[in-house]
Amino acid sequence: MNTQETILQLEELKLKGMAEFYKSMQSLPVNEWPSIDLFAARMAEAERQYRSTKKTEMYLKTSKLRYNSMLEDVYCSNERNLTKDTLMQLMDCSFIGRAENILIDGKTGCGKSFLACALGRQACFMGYRVEYFSMNKFIERIALAKLDGTMMKVVNHIQRNDLVIFDDFGLQPLDNNSRLALLQILEDCYMRKSVIVTSQLPVAKWYDYINEPTIADAIMDRLTAGDTHRIELKGDSLRRKKQK
């Protein structure tokens, strides 16, 4: 069997990482090739790295993150009420493994969505499945699902994620279907998955925003129970600073 046939067979078997490694070895003289054991080990590692990269690319695509932000680009200062120590505690995404939530509030333009998306992107790189929703799009999606009878399908799809991000909580009124869907998602995520919520409203006002006492009690209980991380961003709008 010649080299090209071997490469084609590897690709047909969907061992593309191995195929690429084998191709790269063709540029070296045969006397510089590693031993058979080392060659096999490097091929296996090449395949593992290829699959890991493809998995990350898929998770980033399906996450639908609003910003292509990274934690290294998040501005930390005492004035913002966000320190590097706080960020470092979240950087390894172990909060997801512990099923802990993150609640971020602050004035418009202070970087809430940027921070949430940076955490979501980091989670994708760490091998977690993530999905981002702006609340207005979430409400629209639930309304359409109610109309076409796919509500449980949509809710079940969202629940399959390891981390769900709800951005701009409080900008648009919740209708009853949205409240119930949100409660169902939080109920199924409770102690199993993590949720990040960002809002211009202080967390203390979220209960009033939900505007239905029984459901509000249940939603807030699931959001704030346990070791929930609270981040209250302060300072002027970062957008206005960039414009200046």
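Quick note: residue numbers are just sequence positions, from 1. Remember, predicted model here, so these are calculated numbers, not experimental data.
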Side chain to side chain donor-acceptor pair (under 3.5 Å) between Ser94 and Asp92, worked out: CA-CA 5 Å; Ser94 59; Asp92 65 357; 2.9 Å; yes
Going through the distances and angles, do Glu57 and Leu60 end up as a side chain to side chain contact (heavy atoms under 4.5 Å, CB included)? CA-CA 5 Å; Glu57 290 175 353; Leu60 285 171; 5.7 Å; no
Side chain to side chain contact (heavy atoms under 4.5 Å, CB included) for Gln159 and Gln184? Distances and angles first, verdict last. CA-CA 9 Å; Gln159 292 164 358; Gln184 182 65 54; 3.8 Å; yes
Derivation and outcome, side chain to side chain contact (heavy atoms under 4.5 Å, CB included), residues Lys23 and Glu20: CA-CA 5 Å; Lys23 285 179 189 176; Glu20 290 301 317; 3.4 Å; yes
When you look at Val197 and Val203, which way does the side chain to side chain contact (heavy atoms under 4.5 Å, CB included) test go after all the steps? CA-CA 10 Å; Val197 182; Val203 174; over 6 Å; no
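Here the side chain of Ser52 pairs no donor or acceptor atom with the backbone of Arg48 at under 3.5 angstrom.
Connection of Leu103 to Leu174 is established within a shared hydrophobic cluster, with ILVMFWY side chains joined at heavy-atom distances below 4.5 Å, either directly or through further cluster members. Under the 4.5 Å side-chain contact rule for hydrophobic residues, Val154 and Tyr132 do not share a cluster. One hydrophobic cluster, built from ILVMFWY side chains closer than 4.5 Å, holds both Met220 and Val164. Placement of Tyr190 and Phe133 in two distinct hydrophobic clusters is found when ILVMFWY residues are connected by side-chain heavy-atom separations under 4.5 Å, directly or transitively. Clustering ILVMFWY residues whenever any of their side-chain heavy atoms sit less than 4.5 angstrom apart, transitively, puts Leu65 in the very cluster that holds Phe114.
Counting heavy atoms from C-beta outward, Leu223 and Thr228 have side chains that stay 4.5 Å or more apart. Between Leu87 and Leu115 the shortest side-chain heavy-atom distance falls below 4.5 Å. With contacts defined as side-chain heavy-atom distances shorter than 4.5 Å, the pair Leu90/Ile231 qualifies. A heavy-atom distance below 4.5 Å is found between the side chains of Leu82 and Cys76. Annotation: side chain of Asn161 is not in contact with side chain of Val130 (no heavy-atom distance under 4.5 Å).
How far CG of Asn101 is from CD1 of Ile196: 9.0 Å, rounded to the nearest 0.5 Å. Note that the CG atom of Leu10 and the NZ atom of Lys14 stand 14.5 Å from one another [nearest 0.5 Å]. Between Met25 atom CE and Met43 atom CE the span is 10.0 Å, to the nearest 0.5 Å. A distance of 9.0 Å separates CD of Glu212 from CD1 of Ile219, quoted to the nearest 0.5 Å. Lys112 contributes atom NZ, which lies 7.5 Å from atom OG of Ser199 (distance to the nearest 0.5 angstrom). Interatomic distance, Arg121 CZ to Leu71 CG, rounded to the nearest 0.5 Å: 10.0 Å.
Nearest heavy-atom pair across Leu183 and Ala218 is CD1-CB, 3.5 Å. The shortest heavy-atom contact between Tyr22 and Thr3 is CE2-CG2, 3.7 Å. Here the closest non-hydrogen pair linking Asn211 and Arg179 is O-NH2, 3.9 Å. Taking all atoms of both residues into account, the shortest heavy-atom contact from Arg192 to Ala99 is N-CB, 3.6 Å. The two residues Ala118 and Val74 come nearest to each other via the heavy atoms CB-CG2, 4.0 Å. The minimum heavy-atom distance between Leu119 and Cys93, with the atom names listed, is O-SG, 4.3 Å.
Remark: Glu47 engages Arg51 in a salt bridge, criterion side-chain N to carboxylate O under 4.0 Å. Taking the charged nitrogens against the carboxylate oxygens, Asp167 and Arg66 do have a contact shorter than 4.0 Å, which makes a salt bridge.
Checked by atom type, the side-chain pair Glu45/Gln49 shows a donor-acceptor distance below 3.5 Å. Looking at Ser178 and Asp175, their side chains do bring a donor and an acceptor atom within 3.5 Å of each other. Under 3.5 Å, the side chains of Gln89 and His229 contain no donor-acceptor pair of N or O atoms. Side-chain contact, Glu140 with Asn136: no donor N or O sits under 3.5 Å from an acceptor N or O.
The environment of Met88 atom CE is sparse: at most 12 non-hydrogen atoms of other residues, nucleotides or ligands sit within 6.0 angstrom. Heavy atoms of other residues, nucleotides or ligands lying less than 6.0 angstrom from CG of Asp148 number more than 12. Within a 6.0 Å sphere centred on NZ of Lys54, other residues, nucleotides and ligands contribute 12 heavy atoms or fewer.
Relative ring orientation between Phe169 and Tyr209 is described as perpendicular, the plane-to-plane angle rising above 60° on a 0-90° scale split at 30° and 60°.
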